[in-house]
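Reading through the structure tokens given below for one structure.
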Amino acid sequence: MKADEATNLAIQAAAFADMLTDLTQGVLGDGTPPFRALNMGARIRVAPITDAQVIQRIPIRINGQVRMSLMVRYYCCWDNARTFMATDQADVHLFYDGIADPLIRYEYVRKSHEPPGAHIQVHAHRDEMAYLLRLAESGRPMSGLKRNRMPRLSEMHIPVGGHRMRPALEDVLLFLKREFAIDTVDGWRTVLEASLRDWRLTQLKAAVRDAPEAAAETLRRMGYVVEAPRIVSPRPSPESTKLFWP
């Protein structure tokens with residue numbers, strides 16, 4: 001990575017950290033630990049990081065008591081064209097307070113095609129699910145059984161919209177408010193909805209870059225005048241286009 005590229009990436013990652021701080025403090029309160037950007041070489045880690053470079057969990061309160069926490073971290077890099085900052089990896093893990101094993105893991109791996117890059121893993125147990133996972137004579141379940149490992153529900157990668165339409169931290173916070181009535185500060189919904197709109201629009205623009213012809217066709221049907229560029233750059237194959245990845 002060139003020096004100017006590294007500098008620009010660091011600036012964008014720091015702005016992303018500030019945005020995440022504004023989001024979480026605007027929803028959960030000023031006591032929420034701020035996000036920082038830490039240069040890791042080819043990638044930049046963005047998380048609530050202490051001066052000792054330790055990731056802090058975000059406390060989640062119900063009726064004034066800490067009942068859960070979120071471990072949130074992102075690894076940022078340049079996209080393939082080295083034009084836009086991309087998320088190389090994202091982890092949002094929900095914990096019950098005082099328990100080491102998470103309840104739910106929202107995860108994203110930019111280069112992953114199989115299992116799906118954007119997925120949820122639920123740490124729970126159902127006898128029926130364990131039984132179903134033992135029936136297969138091939139694939140991931142059989143490979144686990146060959147190592148004398150019982151299948152676990154938490155090892156299932158549940159797809160959640162692909163690389164472009166995956167859930168964001170905003171979706172997780174909204175889930176916690178809706179399902180658990182977590183404590184939030186005045187004005188939380190305005191902050192969250194504005195941030196969620198920005199996220200969805202950013203992902204929509206990325207999807208348009210993946211499929212510009214489809215976007216142009218839709219706009220023409222809506223009455224917009226859209227002209228094709230005089231010089232059309234080579235388009236990647238559908239197999240290598242993130243929009244079409246699971």
Side-chain angles (χ1 to χ4, degrees), residues 5 8-9 11-13 15-20 22-24 26-27 46 72 74-92 104-121 156-179 187-246:
E5 291 178 339
N8 289 335
L9 181 61
I11 292 173
Q12 292 190 40
F16 180 49
D18 290 342
M19 183 275 290
L20 291 171
D22 291 342
L23 167 66
T24 52
V27 172
V46 176
V72 182
Y74 299 85
Y75 291 90
C76 302
C77 65
W78 285 119
D79 66 356
N80 291 336
R82 309 188 83 78
T83 302
F84 299 96
M85 188 182 75
T87 299
D88 193 51
Q89 177 183 335
D91 301 293
V92 180
I104 304 174
R105 292 154 55 196
Y106 294 80
E107 297 184 345
Y108 174 67
V109 181
R110 180 169 173 261
K111 295 181 180 180
S112 182
H113 188 281
E114 179 62 39
H119 57 264
I120 293 175
Q121 290 170 266
M156 294 186 64
H157 297 74
I158 304 172
V160 284
H163 287 250
R164 296 307 187 207
M165 306 304 174
R166 64 187 188 270
L169 177 58
E170 293 87 343
D171 294 290
V172 178
L173 292 172
L174 190 58
F175 157 72
L176 294 176
K177 180 64 175 180
R178 180 179 61 249
E179 302 297 339
W188 71 270
R189 184 176 292 276
T190 299
V191 172
L192 191 148
E193 290 181 347
S195 186
L196 186 57
R197 283 195 298 270
D198 288 343
W199 163 255
R200 297 278 172 83
L201 289 173
T202 296
Q203 293 306 102
L204 174 62
K205 293 172 184 177
V208 168
R209 292 195 296 273
D210 281 345
E213 295 83 4
E217 178 185 356
T218 300
L219 288 171
R220 291 189 184 104
R221 289 181 177 179
M222 295 174 63
Y224 288 85
V225 177
V226 182
E227 296 183 358
R230 293 182 178 179
I231 300 177
V232 180
S233 58
R235 300 295 307 155
S237 66
E239 293 76 16
S240 61
T241 301
K242 286 285 196 300
L243 178 62
F244 307 126
W245 284 22

Item to check | Closest contact, heavy atoms only, Ser112 versus Pro115 | outcome: OG-O, 2.5 Å
Checklist entry - Which pair of non-hydrogen atoms, one from Ala207 and one from Met165, has the smallest distance, and what is that distance? => result CB-CE, 4.0 Å
Next on the checklist: Set out, in order, the CA-CA distance, both residues' side-chain angles and the distance that settles side-chain contact (heavy atoms from CB on, under 4.5 Å) for Val191 and Asp22, then state yes or no.
Outcome noted: CA-CA 8 Å; Val191 172; Asp22 291 342; over 6 Å; no
Next on the checklist: I'd like to know if the side chain of Glu107 and the backbone of His119 have a donor-acceptor N/O pair within less than 3.5 Å.
Outcome noted: no
Item to check | Spacing of Phe244 atom CZ and Ser237 atom OG [to the nearest 0.5 Å] | outcome: 10.0 Å
Item to check | Inter-residue atom distance Lys205.NZ - Leu201.CG, 0.5 Å rounding | outcome: 6.0 Å
Checklist entry - Any donor and acceptor pair, going by atom type alone, linking the side chain of Thr218 with main-chain N or O of Ala216 inside 3.5 Å? => result no
Item to check | Steps toward side-chain contact (heavy atoms from CB on, under 4.5 Å) verdict (Trp199, Leu204) | outcome: CA-CA 9 Å; Trp199 163 255; Leu204 174 62; over 6 Å; no
Next on the checklist: Could you go through Thr24 and Leu20, starting from their C-alpha distance and side-chain angles, then the distance that decides it, and tell me whether this counts as side-chain contact (heavy atoms from CB on, under 4.5 Å)?
Outcome noted: CA-CA 6 Å; Thr24 52; Leu20 291 171; 5.5 Å; no
Next on the checklist: side-chain contact (heavy atoms from CB on, under 4.5 Å), that's the test. Do Gln121 and His157 meet it? Break it down for me.
Outcome noted: CA-CA 6 Å; Gln121 290 170 266; His157 297 74; 3.8 Å; yes
Item to check | Approximate separation, where rounding is to 0.5 Å, of Arg178 CZ and Leu173 CG | outcome: 11.5 Å
Checklist entry - How many angstroms lie between atom CD of Gln12 and atom SG of Cys76, to the nearest 0.5 angstrom? => result 9.5 Å
Item to check | Face-on cation placement of Arg110 at Tyr75 ring, 6.0 Å and 45° thresholds | outcome: no
Checklist entry - Taking atom CE of Met85 and atom CG of Asn8, what is their separation to the nearest 0.5 Å? => result 12.0 Å
Checklist entry - For the residue pair Ala228 and Arg220, what are the closest heavy atoms and their distance? => result N-NH2, 4.3 Å
Next on the checklist: Nearest 0.5 angstrom please: Glu193 CD to Glu170 CD, how far?
Outcome noted: 11.5 Å
Checklist entry - Do the side chains of Trp188 and Leu174 get nearer than 4.5 Å, heavy atoms only? => result yes
Checklist outcome for this item: Note: Trp78 and Leu9 closest approach over all heavy atoms is CZ2-N, 3.5 Å
Item to check | Non-hydrogen atoms of Leu243 and Asp210 that approach each other most closely | outcome: N-OD2, 3.0 Å
Item to check | Centroid separation Tyr108 to His163 less than 6.0 Å | outcome: yes
Checklist outcome for this item: Taking every heavy atom of Thr87 against every heavy atom of Tyr74, the minimum-distance pair comes out as CG2-CD2, 4.2 Å
Item to check | Pairing residues for Arg166 by the salt bridge (Lys or Arg N to Asp or Glu O under 4.0 Å) criterion, not counting sequence neighbours | outcome: none
